[in-house]
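Heads up: the structure comes next, in structure tokens.
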Amino acid sequence: MFIAIPLMIVPFVFYNAVMLGSGLPSFAATLVTVPMLSGAIWTMTLSDVLVLTALVALFFEVLKATMSNRGSLINHMLSMLVFVVFLVEFLLVRDAATQLFFTLMVIAFIDVVAGFTISNRAAGRDVSIGL
């Protein structure tokens, strides 16, 4: 039954935990600094890690959408619910009106659309007419 839980809840909970805990400026905190051979300095912030986490979650959600079992419909409904919660928080909470949160919300929307689209395609191929 854990397969029905949408993974986009992880970035949502993490964003809200940081937002309520140490505040929005901590998303700009540098986590890693790597000097490159070109002389440039590559830095990774907490917001970068959060976007990467959301993209990894999206990848696994797309993989889960290819399975056709009882939990997939529940997963799609819960993914839609996660997107709606993202949208409501983006519109109503002042600290959620950031580019980072908007990006996470778009990733959640892509998760919903991709899940329904892939499930439709997979279901269409599962149907045998008997010709």
Practice item. Considering non-hydrogen atoms only, spot the tightest contact between H76 and A65 and give its length. Key: CE1-CB, 4.2 Å
Review point. Closest approach of F90 and A96, non-hydrogen atoms and distance?
Key: CD1-O, 3.3 Å
Practice item. Please state whether the rings of Y15 and F101 are parallel, tilted or perpendicular, taking 30° and 60° as the class boundaries. Key: tilted
Review point. Which pair of heavy atoms, one from A54 and one from L104, lies closest together, and at what distance?
Key: CB-CD2, 3.5 Å
Revision key, fill the gap. Distance col, row M105:CE vs Q99:CD, nearest 0.5 angstrom, shows 9.5 Å
Check your understanding: Pairs in or reaching into residues 25-46: which pass salt bridge (Lys or Arg N to Asp or Glu O under 4.0 Å), with residues at least two apart or in two chains?
Key -> none
Review point. Is any side-chain heavy atom of T53 less than 4.5 Å from a side-chain heavy atom of F14?
Key: no
Review point. What residue pairs, at least two apart or across chains, pass salt bridge (Lys or Arg N to Asp or Glu O under 4.0 Å) with a residue in residues 51-63?
Key: E61-K64
Point to revise | Closest heavy-atom pair and its distance - T33, T43 | key: OG1-CG2, 3.8 Å
Review point. Are L50 and V32 connected in a single hydrophobic cluster, I mean Ile/Leu/Val/Met/Phe/Trp/Tyr linked by side-chain heavy atoms less than 4.5 Å apart?
Key: yes
**Study point:** 4.5 Å side-chain heavy-atom contact, D111 and F83
**Key:** no
Check your understanding: Can you tell me how far CG of L24 sits from CG of D95, rounded to the nearest 0.5 angstrom?
Key -> 4.5 Å
**Study point:** Residue from L100, T45, V56 passing side-chain contact (heavy atoms from CB on, under 4.5 Å) with V51
**Key:** L100
Review point. In this structure, are over 12 heavy atoms from other groups packed under 6.0 Å from F102 atom CZ?
Key: no
Check your understanding: Of all heavy-atom pairs between A4 and L78, which one has the smallest distance, and what is that distance?
Key -> O-CD1, 3.5 Å
Practice item. State whether the number of non-hydrogen atoms from other residues, nucleotides or ligands found under 6.0 Å of F109 atom CZ is greater than 12. Key: no
Exercise for review: Rounded to the nearest 0.5 Å, what's the gap from CG on L87 to CE on M80? Could you check?
Suggested key: 11.0 Å
Check your understanding: Do you know which two heavy atoms are closest between P6 and S79, and how far apart they sit?
Key -> CB-OG, 3.5 Å
